[in-house]
Amino acid sequence: MLNLKSKDKLSLFGICMICLVVLGVVICYFLYKPEQRDNCSCPISGAKEHCILILDSTSELSPNAQRTIKNNIEKIVNNATVDTLFSLYTIDSEEMGGLSGPKFMQCKIGDGSDVKYGLIENSDMLEKDFKKVFHTPLMGAVGKILSSPEQEFSPILEAIKDIENVKLRQHSLPTTVYIFSDMLQNSQAYNQYQINENFASAVQSLKPYSLVPDLNEVKVELFYIRRSGKILALQNENHIQFWRDYLNEAKVKDINVTYIR
């Protein structure tokens, strides 16, 4: 009789434990219910930030420059919060005459490194999805751009002007623009291979083309690619100051310049 009562108690205890586990899973599910996402893997409620990557491959890039660009993009991705929208563009002189169409556009999704509820989240599956949906396509698109053929012109001013339209489509998001370029403008509107002047002197030449955008509150991270040989002489202090003054005129919130080779 005592054994039967003990078994009943054990059974009751087991049932209670199962109920507690089920209740815990249900509570966790409602506390961390996966949010619905759109075709870009962004939450239906909207992305948190916008990260615009612009790669200039109009001139051939050295293997070291390509490696450095990829490494810096990896750092940008790692430092970005989940649900940051990443848009990847190149400078296209042949079809668009400025900024290309988006080569990649996806929100960064979780990679499983910060799993909170192990009962309803699988870190391995999240990491697999992160690589499949976000990381591998992004870095694949980057590699394709960096190895693309040279172009006759380099419409950098026109590409930066086009950011205005990209920003308008995501107007409410905090935006950072990352530009990887030697910043040697070469188009019918303005050619820095022929003219090496400060921005104040260039303003009159640029006005007819309306090449100064309104990038109010946008942060700009410029990765300035140093060239070699005779071209390096064009990349003097006057040249980099030209671009600082230009971006200030465009009302950017903050400008940071990193030199790479």
Side-chain angles (χ1 to χ4, degrees), residues 52-70 72-73 87-105 139-166 177-199 201-213 215 220-247 249-250 257-261:
I52 300 174
L53 302 172
I54 301 176
L55 309 185
D56 178 6
S57 60
T58 53
S59 296
E60 185 179 1
L61 294 166
S62 69
N64 183 73
Q66 293 189 38
R67 178 180 61 187
T68 304
I69 290 169
K70 289 177 182 177
N72 276 285
I73 290 175
S87 301
L88 174 65
Y89 298 86
T90 186
I91 295 175
D92 178 8
S93 68
E94 296 175 349
E95 293 184 13
M96 305 301 290
L99 200 65
S100 71
K103 303 299 182 181
F104 174 89
M105 184 176 286
M139 297 311 297
V142 167
K144 187 175 180 180
I145 291 172
L146 296 181
S147 61
S148 60
E150 289 186 276
Q151 299 176 38
E152 183 178 359
F153 298 104
S154 184
I156 300 168
L157 286 164
E158 292 86 345
I160 295 175
K161 170 66 176 176
D162 290 341
I163 296 172
E164 203 171 38
N165 296 325
V166 176
V177 178
Y178 298 87
I179 303 174
F180 296 83
S181 173
D182 60 15
M183 302 306 290
L184 287 165
Q185 165 74 18
N186 177 17
S187 73
Q188 293 180 349
Y190 195 75
N191 189 339
Q192 288 185 323
Y193 288 91
Q194 296 176 354
I195 307 171
N196 192 352
E197 61 185 354
N198 59 37
F199 178 71
S201 300
V203 167
Q204 295 305 317
S205 301
L206 299 177
K207 272 185 178 179
Y209 299 96
S210 301
L211 291 178
V212 180
L215 300 180
V220 173
E221 293 279 345
L222 172 57
F223 291 83
Y224 188 87
I225 302 171
R226 290 285 197 183
R227 293 296 183 177
S228 58
K230 294 180 180 179
I231 297 178
L232 182 59
L234 299 175
Q235 294 179 304
N236 51 32
E237 285 302 316
N238 192 49
H239 182 249
I240 191 61
Q241 190 59 46
F242 172 99
W243 289 104
R244 287 184 183 276
D245 293 342
Y246 169 79
L247 292 169
E249 185 70 16
V257 180
T258 301
Y259 295 93
I260 60 178
R261 61 178 181 83

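- When only modelled atom types and interatomic distance are considered, Asp245 and Gln241 share a side-chain donor-acceptor pair under 3.5 Å.
- Once rounded to the nearest 0.5 Å, the distance linking CG of Leu215 with CD of Glu249 reads 11.5 Å.
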Under the side-chain contact (heavy atoms from CB on, under 4.5 Å) criterion, do Ile179 and Ile160 qualify, and how do the steps go?
CA-CA 9 Å; Ile179 303 174; Ile160 295 175; 4.1 Å; yes

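- Using a 4.5 Å heavy-atom cutoff, the side chains of Tyr89 and Val166 are in contact.
- Residue-environment remark: CD (Glu150) exceeds the threshold of 12 foreign heavy atoms within 6.0 Å.
- The closest side-chain heavy-atom distance from Val177 to Leu222 is not below 4.5 Å.
- Ser87 is not listed as a side-chain neighbour of Leu53, based on a closest heavy-atom distance of 4.5 Å or more.
- For the atom pair CD (Glu60) and CG (Leu146), the distance works out to 12.0 Å, reported to the nearest 0.5 Å.
- Residues Leu61 and Phe180 fail the side-chain proximity criterion, which asks for heavy atoms closer than 4.5 Å.
- Atom OH of residue Tyr224 and atom CD1 of residue Ile260 lie 11.5 Å apart, to the nearest 0.5 angstrom.
- Atom CD of Glu197 has more than 12 heavy atoms from other residues, nucleotides or ligands within 6.0 Å.
- Inter-residue side-chain proximity for Pro149 and Gln151 is flagged as unmet; no heavy-atom pair is nearer than 4.5 Å.
- Using a 4.5 Å heavy-atom cutoff, the side chains of Tyr178 and Ile54 are not in contact.
- Between Ser93 and Glu152, every side-chain heavy-atom pair lies at or beyond the 4.5 Å cut-off.
- When each of Arg261, Arg226, Arg227 is checked for a salt bridge (charged side-chain N to carboxylate O under 4.0 Å, His left out) with Asp182, only Arg227 meets the rule.
- Closest non-hydrogen pair, Gly143 versus Ser147, comes out as O-OG, 3.0 Å.
- Annotation for Ser205 and Tyr209: closest pair O-CD1, 3.5 Å, computed over non-hydrogen atoms.
- Ser57 OG to Gln66 CD: the interatomic distance, rounded to the nearest 0.5 Å, is 9.0 Å.
- Considering all non-hydrogen atoms of both residues, Asp92 and Pro155 come closest at O-CG, 4.2 Å.
- Between the CG atom in Asn191 and the CG atom in Asn196 there is a gap of 11.0 Å [rounded to 0.5 Å].
- In this structure, His239 has its ring center at least 6.0 angstrom away from the ring center of Phe199.
- Screening Ile69, Leu184, Asp56 for a side chain to side chain contact (heavy atoms under 4.5 Å, CB included) with Ile225, the sole residue that qualifies is Ile69.
- Using a 4.5 Å heavy-atom cutoff, the side chains of Ser181 and Ile156 are in contact.
- For the residue pair Leu211 and Lys161, the shortest heavy atom distance occurs at O-CB, 4.1 Å.
- At least one donor-acceptor pair under 3.5 Å links the side chain of Gln192 to the backbone N or O of Gln185.
- For the side chain to side chain contact (heavy atoms under 4.5 Å, CB included) with Ile73, the lone residue among Thr68, Leu55, Leu88 that qualifies is Leu55.
- Under the 30°/60° scheme for interplanar angles, the aromatic rings of Tyr246 and Trp243 are found to stand perpendicular.
- Rounding to the nearest 0.5 Å places CG of Asn186 at 8.0 Å from OG of Ser59.
- When every heavy atom of Ala141 is checked against every heavy atom of Lys103, the shortest pair comes out as CB-O, 4.1 Å.
- In this model, no donor atom of one side chain and acceptor atom of the other lie less than 3.5 Å apart for Thr90 and Ser100.
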Would you check, one step at a time, whether the test side-chain contact (heavy atoms from CB on, under 4.5 Å) holds for Thr58 with Phe153?
CA-CA 7 Å; Thr58 53; Phe153 298 104; over 6 Å; no

Assess whether side-chain contact (heavy atoms from CB on, under 4.5 Å) is satisfied between Met183 and Phe242, documenting all intermediate values.
CA-CA 10 Å; Met183 302 306 290; Phe242 172 99; over 6 Å; no

